[in-house]
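This report refers to the structure that appears directly beneath it.
Counting from 1, the numbers follow the sequence of the chain as shown. Read the numbers this way: they start at 1 and go in the same order the structure lists the ligands and their atoms. Quick note: numbers below take in every heavy atom, side chains included, and nothing from hydrogens, waters or symmetry partners.
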Amino acid sequence: MRVLITGGAGFVGSNLAIMFKENHPDASVVALDNLHRKGSELNVPRLKAKGIGFVMGDVRKREDLDALGDADVLIECSAEPSAFAGFGSSPEYLLDTNLMGAVNCLEYARKRNAEFVFLSSSRVYPIKTINELNYMENDTRFVLDEKQTPRGVSARGFTEELATEGSRTLYGTAKLAAEMLIQEYAEMYGLRSVINRCGLISGPWQMGKVDQGVIALWVARHHYGLPLSYIGFGGSGKQVRDVLHVKDLYTLLEIQLKDVRKHTGEVYNVGGGAERSVSLAELTAICQKYTGRSVPVTSVPETKAGDIRLYITDNSKVTEKTGWTPSASVEQTVRDVAEWVNEHSAQLKNVLTQV
Ligand SMILES: NC(=O)c1ccc[n+]([C@@H]2O[C@H](COP(=O)([O-])OP(=O)(O)OC[C@H]3O[C@@H](n4cnc5c(N)ncnc54)[C@H](O)[C@@H]3O)[C@@H](O)[C@H]2O)c1
């Protein structure tokens, strides 16, 4: 088995590469990355120590992919992963990497008859639809009302039936466009593929920053004693996300890779689900517990363009099709991240304290 992981020095890519190699020591695993993300360079020695090949390369350049050997499976983890990319600046890097890069990866897979795994995003769902749902509010979080008008929403979260029409950020649009291309390649060229629309993923080696990787950002700010802000939706920190530990994502991929044909043409919402959801205010309390520190948290009531009040995955479809359910609680994920930051505090300081 030869596995190519694009974006393989990133948070998700490096963790998947290492877990894959640990579970399949005979497999050849190659990680390609242009190290665009600050901190990804710290993952390169981790990859090499596990016998994973690292290639400095760029998915925007077809020749970088063509220079690689063949692979049986391509797991596409490269991206500009921030939903806020392109706001107030050029969308060029985002679109060239997330959309054209995905096209280049698809072409690599088509020519080699490789299986294709794509990490899409919950951000394919439109912002206005989400922010205009019926919510209740308790002391620490917004809560989805059971009564909702759009199809695909209940108190359990969002299913694949939620309509995707409407503005959803350029990040989400590039993901949706890539999903559509994958499905066309499946029909037209028989590409065997998996599309997982992931909610928030976290775990050790996530180089969290203000616009992406909130769990690692929150833990790091507590660890290094730096201030935080609740931004948007009134500034009370009641916005909610569900959290998927990267270990649980790996477990799902292992199941899906056993029979990719079965998943070809499907789209799955994949995330922590309602049981593994957390608001920022609740996250602050958990971070205090696992870092032993409190930091000042200011409040910014105005909501940033592109932000959403709440996202919770309804995993019903993926669970029914694969038997998979996530296992790590939010507390376990935060604890794992806190232990990682603590253990590598000096090495990570420069990356994790960036603004
Ligand atoms: N982390 C999450 O919460 C989350 C949620 C849903 C989907 N995803 C998706 O999962 C994938 C992995 O995300 P992540 O959290 O590991 O992000 P990450 O930023 O840690 O990893 C992405 C990697 O891609 C690399 N990269 C960027 N541009 C590249 C290019 N042009 N050529 C080659 N490599 C390039 C970066 O250097 C980085 O190492 C992305 O597709 C992301 O959109 C992530």
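Using a 4.0 Å cut-off between charged side-chain N and carboxylate O, Arg151 and Glu161 make a salt bridge. One finds a salt bridge joining Arg112 and Asp66 here, because a Lys/Arg side-chain nitrogen approaches an Asp/Glu carboxylate oxygen to under 4.0 Å.
Protein neighbours of ligand 1 below 4.0 Å, counting non-hydrogen atoms: Gly7, Ala9, Gly10, Phe11, Val12, Asp33, Asn34, Leu35, His36, Arg37, Ser40, Gly57, Asp58, Val59, Arg60, Cys77, Ser78, Ala79, Pro81, Tyr93, Thr97, Leu119, Ser120, Tyr171, Lys175, Cys198, Gly199, Leu200, Ile201, Gln206, Gln212.
Ring pair Trp218/His223: centre-to-centre distance not below 6.0 Å.
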- request: Carefully, step by step, assess Tyr268 and His263 under the rule ring-ring contact (aromatic ring centres under 6.0 Å, His included).
  value: CA-CA 9 Å; Tyr268 299 118; His263 306 292; 5.6 Å; yes
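Screening residues 6-21 for salt bridge (Lys or Arg N to Asp or Glu O under 4.0 Å), with sequence neighbours left out, gives no hits.
Between the side chains of Ser78 and Glu76, at least one donor-acceptor pair of N or O atoms lies under 3.5 Å.
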